[in-house]
There are 2 protein chains.
Amino acid sequence: MKRSGSISQENYLKAIFKLQHEHGIASNQAIAEKLAATPAAVTGMLHKLTELDWIDYTAYQGAKLTAKGRQIATSTIRKHRLWEVFLVEKLQFKWDAVHQWAEELEHIGDANFTNRLDAFLGCPSTDPHGDPIPDSNGDWKGNERVFSADALTRKQKFTVRGVSNSASDFLRHLDALKIQLGKHFEVMDFFPFDGSWEWKDDQGIPIRVSREVAGQLLVEAIPTNRGNENQES
Amino acid sequence: MKRSGSISQENYLKAIFKLQHEHGIASNQAIAEKLAATPAAVTGMLHKLTELDWIDYTAYQGAKLTAKGRQIATSTIRKHRLWEVFLVEKLQFKWDAVHQWAEELEHIGDANFTNRLDAFLGCPSTDPHGDPIPDSNGDWKGNERVFSADALTRKQKFTVRGVSNSASDFLRHLDALKIQLGKHFEVMDFFPFDGSWEWKDDQGIPIRVSREVAGQLLVEAIPTNRGNENQES
DNA sequence: ATAAATATTTAAGCTCACCTAAACAACTGC
DNA sequence: GCAGTTGTTTAGGTGAGCTTAAATATTTAT
Ligand SMILES: [Mn+2]
Ligand SMILES: [Mn+2]
Ligand SMILES: [Mn+2]
Ligand SMILES: [Mn+2]
């Protein structure tokens, strides 16, 4: 089996997929920004993707994926995230170094290839940044209990579940703070002056976290034993 | 670190590298055949590679790699063969299915990436087809004791070491004959009529091997205990 | 409602890597 | 040595995916 679309086409579909989730529709400008291209280039490609029936596109309105377009987009995202797991788990890359390579690897391999990679990696459900990995049908279960760390409240215990920004400098900053996915913390204090926090980790070691960091960190609250609000059976 | 050359350029360097080994120089026509392109396309690319100082090229004469060109070529071959090992050993692909994917994967990753992949695979010295894997300096030790199976002699015991043709249909034919790399055989008979052979494997099971198969199979003789000709200390 | 600002499309042109067809150079046979 | 064959290069052109600049559509502000 060959690649569904060209590398460029797959990148467009991926961008449209993500923008559609955020804004309901992908505007020309937003696509252009995400792909570091000019709006003129985007218009041209949107025409081509419309021809291929991978998007529905109305001039001046924006683009939405068709079923086939969505399938290609999610399969590309699946490959991207599986390769990132491979690079971290098997090749020992740091989590801030894998995106650039995954951006190339995601365009290689068919469904059979991807399923073998998936099996080899033990069918992981999230990538090294906490993002969910779609299954071969393009479906995945998001964790609804995850929310941005800037919405935490005092005394709350929580687990770090992901990042909403995968930029290298942010990830390296988290390394410096010894903040890793899966690690447990408790909110000690919040400082309205600058929006910063004091948390303490499972060893009782305190850290200071800026508003910028908390705003891009995804966490899941740990229900307290006595507190029983919003508990799922 | 980014890719040394474009994908197309790397494919040209790889082709020139192999042709140079076979014929001392890479002719326009031979390159064109290997890359399934027209001679006119090759001339154009040879000009570009000359500009980049990756080849020495004299019009109407042919191309030879410079030191830098050789470095890029061997590093691409290294990546190709390491990925083939990965696909067979880790993703359980059959040896006739890996070349197509390696042809794409070989263009991804820098030296650090490749060295990590190499380490993860346990620094293999040959790929699934018995071809040697260059080290990070582009050097490798060929096995001089390897020769084509059609030069075997009666009663000779030998080990299958590689194939000089990696085409899928040939590899699948070897699978059907249960001929695998590393397997031991003994020559039972040779039939000059059609150039075919009878061999028997380490279980004593006899197989018939055609001239076409023997001519593309690489083997290494197993020295007999009493015979001591050409023995290295 | 209209003017200004913003977003999008069209127009023209670029680079890369390829193609075909024609011109040209280099070998080959005698 | 010259004709014919083979191999190579040049000339002209294509398509994908870009660019900038100009034209046009849409949205926002007054
Ligand atoms: Mn990524
Ligand atoms: Mn990509
Ligand atoms: Mn191969
Ligand atoms: Mn290749």
Side-chain angles (χ1 to χ4, degrees), chain A residues 2-16 19-20 22-65 69 72-73 76 103-104 106-108, chain B residues 2-16 19-20 22-65 69 72-73 76 103-104 106-108:
Chain A
K2 276 255 35 88
R3 205 198 328 280
S4 319
S6 70
I7 289 174
S8 193
Q9 287 166 356
E10 288 183 355
N11 285 338
Y12 272 84
L13 293 177
K14 227 176 35 145
I16 293 166
L19 291 167
Q20 208 179 323
E22 283 177 57
H23 309 115
I25 195 165
S27 75
N28 185 308
Q29 194 163 63
I31 298 168
E33 254 171 55
K34 209 164 254 252
L35 298 176
T38 58
V42 174
T43 301
M45 183 59 92
L46 294 186
H47 283 135
K48 217 162 303 176
L49 296 176
T50 304
E51 285 280 297
L52 289 163
D53 245 324
W54 293 344
I55 62 171
D56 289 323
Y57 164 58
T58 320
Y60 295 100
Q61 294 309 119
K64 292 180 178 188
L65 297 178
I72 299 173
T76 306
E103 202 57 48
E104 303 187 39
E106 71 186 0
H107 304 292
I108 293 180
Chain B
K2 276 259 30 93
R3 206 200 324 280
S4 318
S6 70
I7 289 174
S8 193
Q9 287 165 356
E10 289 183 354
N11 285 338
Y12 272 83
L13 293 177
K14 228 177 33 148
I16 294 166
L19 291 167
Q20 209 179 323
E22 283 177 57
H23 309 115
I25 195 165
S27 74
N28 186 308
Q29 196 163 62
I31 298 168
E33 255 171 55
K34 210 165 253 251
L35 298 177
T38 58
V42 173
T43 301
M45 183 58 93
L46 294 186
H47 284 135
K48 219 162 300 175
L49 296 176
T50 304
E51 285 281 296
L52 290 162
D53 244 324
W54 292 344
I55 62 171
D56 288 323
Y57 163 57
T58 319
Y60 295 100
Q61 295 309 118
K64 291 180 178 188
L65 298 178
I72 299 172
T76 307
E103 202 58 46
E104 303 188 39
E106 71 186 0
H107 304 291
I108 293 180

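Order of the sequence lines sets the chain letters (A, B, ...), proteins ahead of strands, with each chain counted from 1.
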With A/Thr76, which of A/Lys14, A/Gln9, A/Arg3 fulfils side chain to side chain contact (heavy atoms under 4.5 Å, CB included)?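 Looking at A/Lys14, A/Gln9, A/Arg3, the match for A/Thr76 under the side chain to side chain contact (heavy atoms under 4.5 Å, CB included) is A/Lys14.
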Sequence neighbours left out, what passes side-chain hydrogen bond (donor to acceptor under 3.5 Å, both in side chains) with B/Glu10? Give chain and number order.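 For B/Glu10, the residues satisfying side-chain hydrogen bond (donor to acceptor under 3.5 Å, both in side chains) (neighbours in sequence not counted) are B/His107.
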Atom [atom1] of [X] and atom [atom2] of [N]: how far apart are they, to the nearest Å?
X       : N      : atom1 : atom2 : value
A/Leu49 : D/dA16 : CG    : P     : 13 Å
B/Leu19 : D/dG7  : CG    : C1'   : 15 Å
B/Glu33 : D/dT8  : CD    : P     : 11 Å

Starting at the 5' end of nucleotides 8-26 of chain C, put B wherever the base has a protein heavy atom under 4.0 Å, S where only the sugar-phosphate does, and a dash everywhere else. SBB------SSSBB---SS
Close side-chain approach of A/Leu49 and A/Tyr57, heavy atoms under 4.5 Å: no
Determine, stepwise, if the pair B/Glu106 / B/Asn11 fulfils side chain to side chain contact (heavy atoms under 4.5 Å, CB included). CA-CA 10 Å; B/Glu106 71 186 0; B/Asn11 285 338; 3.2 Å; yes
Output a table of donor-acceptor pairs, distance under 3.5 Å, between side-chain atoms of residues 34-47 of chain A and any protein atom two or more places apart or on a different chain; print 'none' if there are none.
{"from": "A/Thr38", "atom 1": "OG1", "to": "A/Ala41", "atom 2": "N", "distance (Å)": "3.3"}
{"from": "A/Thr43", "atom 1": "OG1", "to": "A/Asn28", "atom 2": "ND2", "distance (Å)": "2.9"}
{"from": "A/Thr43", "atom 1": "OG1", "to": "A/Pro39", "atom 2": "O", "distance (Å)": "3.2"}
{"from": "A/His47", "atom 1": "ND1", "to": "A/Thr43", "atom 2": "O", "distance (Å)": "3.3"}

